[in-house]
S.K.: 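Pasting in a structure now, in structure tokens, and then I'll have a few things to ask.
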Amino acid sequence: MAELTAPGVSAGSERPVSQRRFVDSDLLWSFSRSPVTVAAAIVVVLIVSAALLAPLIAPHDPYDLASVSLLDATDPPAWLAGGDWSFPLGTDNQGRDMLSAILFGTRLSLTVGCSAVLLALVLGVTLGLVAGWRGGIADTLIMRVADVQLSFPAILIALLIDGVARSVLPRDAQAAITLYVLITAIALSYWVHFARTVRGSTMVERNKEYIQAAQVIGVHPARIVVGHLLPNVIGPVLVIATINLATAILTEATLSFLGVGLPPTEPSLGTLIRVGNDFLLSGDWWISIFPGAVLALLILSINLLGDWLRDAFNPKLR
């Protein structure tokens, strides 16, 4: 008598078919064969986990002004003379614990970077699909705007958008929406990469037989674009999103370092580096070195993962 098997589980195996396919996939094999990629993934997971758990694992709350004392300002790391293990990585000029500030700052930088990339992805993919599918005037208009924007560095575009927003918005409301203005400015600086990639892939896919068959049987164009085109052009988009995540985090740090990003009361990594830069020559090196090291390690690890994804999704390299 044949044994009954659960749905999605093959006979003679306790592992679901989808799980077996993932374990036996080329993507997982490529990942496991690259020690650099595995190390980068571990670093990213550790940093992201520490940032997400910042309220639970941080020794102090850098946002709680009642717990901050100027008497503890610029204390060195605990292993140096004059250090205190209550502040393992020392304190900044306001007496905030550097370890806690880095944890919360990494959380804020990741929030800005992920939100900006997600917004840029939605905007760029939408415009890329419209340009590639419709063509004509829509394609010309979208691509000419993209060409103009590509002629300027992304940081200048972000500075321009941030400056315009600050001059237009009421002064009383600027402090409350600084985070949203920064996310929007960075997103509008990086949508072009998604739009151009999706447009090119859409122009290739729309001439294939499965798209023509869907048109012949009367499938609505919106359903064709969302249900057929989008899944086939999303691979390169994921690679661009991973690489742009590192760039967006670096852009946020640059804007904060220049003083047009987040205020000093919200300790992002860029803000901490900017504050520490003022005290670097006075010997208080830990205020800028530690957040700078975390930022560099995070960006390097994300870029390594992005390079691996780019090679993994490239059929010519398989």
Side-chain angles (χ1 to χ4, degrees), residues 4-11 13 15-31 114-150 157 183-184 186-245 248 305-306 308-318:
L4 297 178
T5 57
V9 179
S10 60
S13 173
R15 183 179 296 170
V17 175
S18 59
Q19 184 178 352
R20 292 179 60 195
R21 288 177 179 174
F22 174 74
V23 172
D24 297 335
S25 64
D26 294 339
L27 196 65
L28 184 60
W29 181 86
S30 173
F31 176 80
C114 292
S115 301
V117 169
L118 181 61
L119 181 57
L121 186 149
V122 173
L123 179 61
V125 169
T126 302
L127 293 177
L129 287 172
V130 171
W133 179 256
R134 295 295 299 273
I137 298 178
D139 180 28
T140 302
L141 180 61
I142 294 173
M143 288 300 102
R144 294 299 78 76
V145 173
D147 291 339
V148 171
Q149 184 165 330
L150 283 175
I157 300 294
I183 292 173
T184 304
I186 296 175
L188 293 178
S189 304
Y190 291 103
W191 69 270
V192 177
H193 306 89
F194 297 101
R196 291 176 66 90
T197 301
V198 171
R199 170 186 176 267
S201 300
T202 301
M203 294 181 68
V204 173
E205 294 292 328
R206 72 178 182 181
N207 295 320
K208 293 187 176 180
E209 289 79 3
Y210 73 96
I211 298 294
Q212 296 175 358
Q215 291 174 322
V216 169
I217 63 177
V219 179
H220 194 275
R223 187 176 178 183
I224 295 176
V225 170
V226 176
H228 297 282
L229 276 176
L230 184 57
N232 286 287
V233 303
I234 203 66
V237 170
L238 296 178
V239 178
I240 296 175
T242 305
I243 296 175
N244 277 1
L245 175 59
L305 286 177
W308 167 75
L309 277 177
R310 180 189 59 195
D311 297 339
F313 281 105
N314 188 351
K316 296 180 180 180
L317 298 179
R318 292 183 181 178

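Hydrogens, waters and symmetry mates are skipped; everything else that's a heavy atom, side chains included, is used.
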S.K.: Write down the atom of T202, the atom of V233, and the distance for their closest heavy-atom approach.
M.R.: N-CG1, 4.1 Å
S.K.: If you look at every heavy atom in V239 and G306, which pair is closest and at what distance?
M.R.: CG1-O, 3.9 Å
S.K.: Which value, rounded to the nearest 0.5 Å, describes the distance between R134 atom CZ and L129 atom CG?
M.R.: 12.5 Å
S.K.: Output the distance between atom CG (L150) and atom CD1 (I157), rounded to the nearest 0.5 Å.
M.R.: 9.0 Å
S.K.: Distance from R144 atom CZ to D139 atom CG, nearest 0.5 Å?
M.R.: 7.5 Å
S.K.: Show the nearest heavy-atom pair for residues L229 and E205, with the distance to one decimal.
M.R.: CD2-CB, 3.3 Å
S.K.: On a heavy-atom basis, which atom in M143 and which in A131 lie closest, and how many Å separate them?
M.R.: CE-CB, 4.4 Å
S.K.: Once you round to the nearest 0.5 Å, how far does CD1 of I234 lie from OG1 of T197?
M.R.: 11.0 Å
S.K.: What pair of heavy atoms forms the shortest contact from A116 to A187, and how long is it?
M.R.: O-CB, 3.4 Å
S.K.: Shortest non-hydrogen contact from W191 to Q149?
M.R.: NE1-OE1, 3.1 Å
S.K.: Before giving the answer on side-chain contact (heavy atoms from CB on, under 4.5 Å), spell out for R196 and D147 the whole-Å C-alpha distance, their side-chain angles and the decisive distance to 0.1 Å.
M.R.: CA-CA 10 Å; R196 291 176 66 90; D147 291 339; 2.7 Å; yes
S.K.: Nearest 0.5 Å, what's the CD1-CZ distance between I142 and R199?
M.R.: 9.5 Å
S.K.: Quick one: list whatever passes salt bridge (Lys or Arg N to Asp or Glu O under 4.0 Å) with R223, sequence neighbours left out.
M.R.: none
S.K.: Do Y190 and I243 make a side-chain contact, defined as non-hydrogen atoms from C-beta onward lying under 4.5 Å apart?
M.R.: no
S.K.: Could you walk me through whether I211 and W133 satisfy the side-chain contact (heavy atoms from CB on, under 4.5 Å) test, starting with their C-alpha distance in whole Å, then the side-chain angles of each, then the deciding distance to 0.1 Å, before giving a yes or no?
M.R.: CA-CA 11 Å; I211 298 294; W133 179 256; 3.9 Å; yes
S.K.: Using side-chain heavy atoms (C-beta onward) and a distance below 4.5 Å, is V237 in contact with V198?
M.R.: yes
S.K.: Go through it in stages, so that I can follow the logic: the residues are N244 and L121, the test is side-chain contact (heavy atoms from CB on, under 4.5 Å), and I'd like the CA-CA distance, side-chain angles, deciding distance and then a yes or no.
M.R.: CA-CA 10 Å; N244 277 1; L121 186 149; over 6 Å; no
